[in-house]
Amino acid sequence: MALNFVQQQLEGIYRISVDYDVEDFLITDPELARQLDTSAEARQAREKLLVRQTEQNLDLSLYLDRQVVDGLAGTAPEDWFKGHAIDPFLVALEGVSHFLYVTWNAGFQKPVTLMELEMQAEVDKFIMGALVASVCDDTPSPEHLLDTLFARAEFDESLSDNAAELYRSASRYAGRYCHHLMNRFRGVYGGHDMMQDLRYFYRLAQPGKVRHIDSTV
């Protein structure tokens, strides 16, 4: 199905693998999502990775608004970045990115910060779009995608000042890294050197990601 396919594509890009399929953790009931969300700043959103950690277990659920899931149904992957499909696809892609990043790091008992989670999701959106654009006509160019994801990014007005700054910082750093990818590799997406850079970046924790961006941009 669509979400598992997206997960497989990300696993291929980063040469990683997890033992879980994201669709087995999917919920679309907003009331259930509200009950499961015990975070200090719980809010309504079209996508949420719900996490509860105990000494022995890491419990996960991925909430996606039913309209997001339905928006992908019956749409071919090559059309996900076109027209009206792009909005639900980017929301779904963010959720899959969060799920994969948390589960992969959990396999190595590595903690994950919210900022690195958000940074990685924005990078995943850009590189997926750039790779699709390199093989499919009539899809947004990487330059257009950079503008959409970063220059015209909007943030939930209900966020606290601290949360809003975190999301803005994650977007700013991810945007700088994506500009670096586009400029350094001159629009040749999927080449060996670019993929090596992406895979190295993926495996870094938040401080390493920030240092890598600062050192390359």
Side-chain angles (χ1 to χ4, degrees), residues 1-18 21-23 47 49 62 64 68-69 71-105 116-153 170-204 209 212-213 216-217:
M1 296 176 67
L3 299 182
N4 286 347
F5 178 78
V6 174
Q7 177 182 335
Q8 291 163 9
Q9 298 306 300
L10 291 175
E11 288 179 336
I13 290 170
Y14 296 112
R15 282 190 179 170
I16 62 172
S17 179
V18 299
D21 292 333
V22 63
E23 290 182 14
E47 174 272 327
L49 184 68
L62 175 61
L64 290 176
V68 170
V69 177
L72 296 182
T75 305
E78 60 268 23
D79 293 329
W80 285 342
F81 279 93
K82 298 178 183 177
H84 296 298
I86 189 170
D87 177 65
F89 176 67
L90 290 177
V91 174
L93 174 54
E94 180 163 354
V96 176
S97 171
H98 289 166
F99 170 84
L100 183 61
Y101 195 72
V102 168
T103 53
W104 184 77
N105 279 283
E116 72 184 90
L117 196 69
E118 294 300 327
M119 272 196 291
Q120 190 61 56
E122 296 306 306
V123 172
D124 289 352
K125 292 174 189 178
F126 172 75
I127 195 58
M128 282 279 286
L131 290 172
V132 169
S134 69
V135 296
C136 295
D137 296 329
D138 301 325
T139 56
S141 67
E143 292 82 0
H144 180 80
L145 197 57
L146 277 174
D147 182 66
T148 298
L149 292 174
F150 304 112
R152 293 192 281 125
S171 176
R172 183 167 59 252
Y173 274 105
R176 289 174 61 196
Y177 181 60
C178 292
H179 274 91
H180 155 72
L181 291 175
M182 188 173 69
N183 294 331
R184 178 184 175 189
F185 300 105
R186 300 181 183 278
V188 179
Y189 298 97
H192 176 267
D193 290 344
M194 173 179 277
M195 302 310 286
Q196 288 296 99
D197 198 311
L198 282 163
R199 290 162 185 164
Y200 174 74
F201 182 82
Y202 194 88
R203 287 158 174 78
L204 296 172
K209 279 179 163 57
H212 183 63
I213 293 168
T216 55
V217 178

Trainee: Please report the interatomic distance CZ(Phe81) to CG(Leu93), rounded to the nearest 0.5 Å.
Mentor: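 Phe81 CZ to Leu93 CG: 6.0 Å, rounded to 0.5 Å.
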Trainee: State whether a side-chain donor-acceptor pair under 3.5 Å links Gln8 with Asn4.
Mentor: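 No - no donor-acceptor pair under 3.5 Å links their side chains.
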Trainee: Just how far is it from atom CD of Gln120 to atom CG of Leu10, taken to the nearest 0.5 Å?
Mentor: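 The CG atom of Leu10 is 8.5 Å from CD of Gln120, to the nearest 0.5 Å.
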Trainee: Determine whether a donor-acceptor pair (N or O, by modelled atom type, separation under 3.5 Å) exists between the side chain of Trp104 and the backbone of Val18.
Mentor: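 Between the backbone of Val18 and the side chain of Trp104 there is no qualifying donor-acceptor contact (under 3.5 Å).
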Trainee: Before giving the answer on side-chain contact (heavy atoms from CB on, under 4.5 Å), spell out for Asp124 and Tyr14 the whole-Å C-alpha distance, their side-chain angles and the decisive distance to 0.1 Å.
Mentor: CA-CA 10 Å; Asp124 289 352; Tyr14 296 112; 2.5 Å; yes
Trainee: Over all heavy atoms of both residues, which pair between Met119 and Ala174 is shortest? Give the atoms and the distance, please.
Mentor: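 Residues Met119 and Ala174, closest heavy atoms: O-CB, 3.7 Å.
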Trainee: Would His180 and Ile213 count as a side-chain contact (heavy atoms from CB on, under 4.5 Å) here? Give the steps.
Mentor: CA-CA 8 Å; His180 155 72; Ile213 293 168; over 6 Å; no
Trainee: Would you mind reporting whether Lys125 and Leu145 have side-chain heavy atoms less than 4.5 Å apart?
Mentor: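 No; the side chains remain at least 4.5 Å from each other.
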Trainee: Does the pair Val96 and Phe5 meet the rule for a side-chain contact (heavy atoms from CB on, under 4.5 Å), with working shown?
Mentor: CA-CA 10 Å; Val96 176; Phe5 178 78; over 6 Å; no
Trainee: Please round to the nearest 0.5 Å and tell me the distance separating atom OG1 of Thr148 and atom CG of Asp87.
Mentor: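 Reported to 0.5 Å precision, the distance equals 11.0 Å.
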Trainee: Considering non-hydrogen atoms only, spot the tightest contact between Ser171 and Ala153 and give its length.
Mentor: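 Residues Ser171 and Ala153, closest heavy atoms: OG-CB, 4.3 Å.
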Trainee: Return the CD to CZ distance between Gln196 and Arg15, rounded to the nearest 0.5 Å.
Mentor: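 Result: 6.5 Å between the selected atoms.
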Trainee: Indicate the atoms forming the closest heavy-atom contact of Pro142 with Phe126, along with that distance.
Mentor: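 Where Pro142 meets Phe126 most closely, the heavy atoms are O-CE1, 3.6 Å.
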Trainee: Hey, do the aromatic rings of Phe150 and His179 have their centres closer than 6.0 Å?
Mentor: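 That pair fails the under 6.0 Å test.
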Trainee: Taking atom CG of Leu100 and atom CG of Leu49, what is their separation to the nearest 0.5 Å?
Mentor: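 The distance works out to 11.0 Å.
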Trainee: Under a 3.5 Å distance rule, please check whether Lys209 uses its side chain to pair with a backbone N or O of Arg203 as donor and acceptor.
Mentor: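 Checking the backbone N and O of Arg203 against the side chain of Lys209, no donor-acceptor pair under 3.5 Å is found.
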Trainee: Tell me whether Glu23 contacts the main-chain N or O of Leu3 through its side chain, where contact means a donor paired with an acceptor under 3.5 Å.
Mentor: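 Yes; at least one donor-acceptor contact below 3.5 Å.
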Trainee: Go through it in stages, so that I can follow the logic: the residues are Trp80 and Val6, the test is side-chain contact (heavy atoms from CB on, under 4.5 Å), and I'd like the CA-CA distance, side-chain angles, deciding distance and then a yes or no.
Mentor: CA-CA 11 Å; Trp80 285 342; Val6 174; 3.6 Å; yes
Trainee: Check the side chains of Tyr101 and Glu116 for a donor-acceptor pair under 3.5 angstrom, ignoring hydrogens and angles.
Mentor: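 Yes, a side-chain donor-acceptor pair sits under 3.5 Å.
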Trainee: Do you know the tightest heavy-atom contact between Ala92 and Leu72?
Mentor: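 Heavy atoms only, the tightest pair is CB-CD1, 3.6 Å.
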Trainee: If I compare all heavy atoms of Ile13 with all of Met195, which pair ends up nearest, and what's the gap?
Mentor: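 Closest approach of Ile13 to Met195: O-CE, 3.5 Å.
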Trainee: Rounded to the nearest 0.5 Å, what separation is found between the OG atom of Ser97 and the CG atom of Leu117?
Mentor: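 Rounded to the nearest 0.5 Å, the OG-CG separation comes out at 6.5 Å.
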Trainee: For a side chain to side chain donor-acceptor pair (under 3.5 Å) with Arg184, tell me which candidate from Thr216, Asp193, Asp197 qualifies.
Mentor: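 Answer to the side chain to side chain donor-acceptor pair (under 3.5 Å) test with Arg184 among Thr216, Asp193, Asp197: Asp197.
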Trainee: With a 4.5 Å heavy-atom cut-off, do Met182 and Leu146 have their side chains touching?
Mentor: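 In contact.
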Trainee: Do side-chain atoms of Gln7 reach the backbone of Val22 as a donor and acceptor pair under 3.5 angstrom?
Mentor: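 Looks like yes, one N/O pair under 3.5 Å.
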Trainee: Mind telling me whether Phe201 and His212 have parallel, tilted or perpendicular rings, with 30° and 60° as the class edges?
Mentor: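 Tilted, since the angle between the ring planes falls between 30° and 60°.
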Trainee: More than 12 foreign heavy atoms under 6.0 Å from CZ of Arg199: is that the case here?
Mentor: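 Above 12, so yes.
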Trainee: How close do Thr75 and Ala85 get, counting heavy atoms only, and between which atoms?
Mentor: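 Thr75 and Ala85 have their closest heavy atoms at CG2-CB, 4.2 Å.
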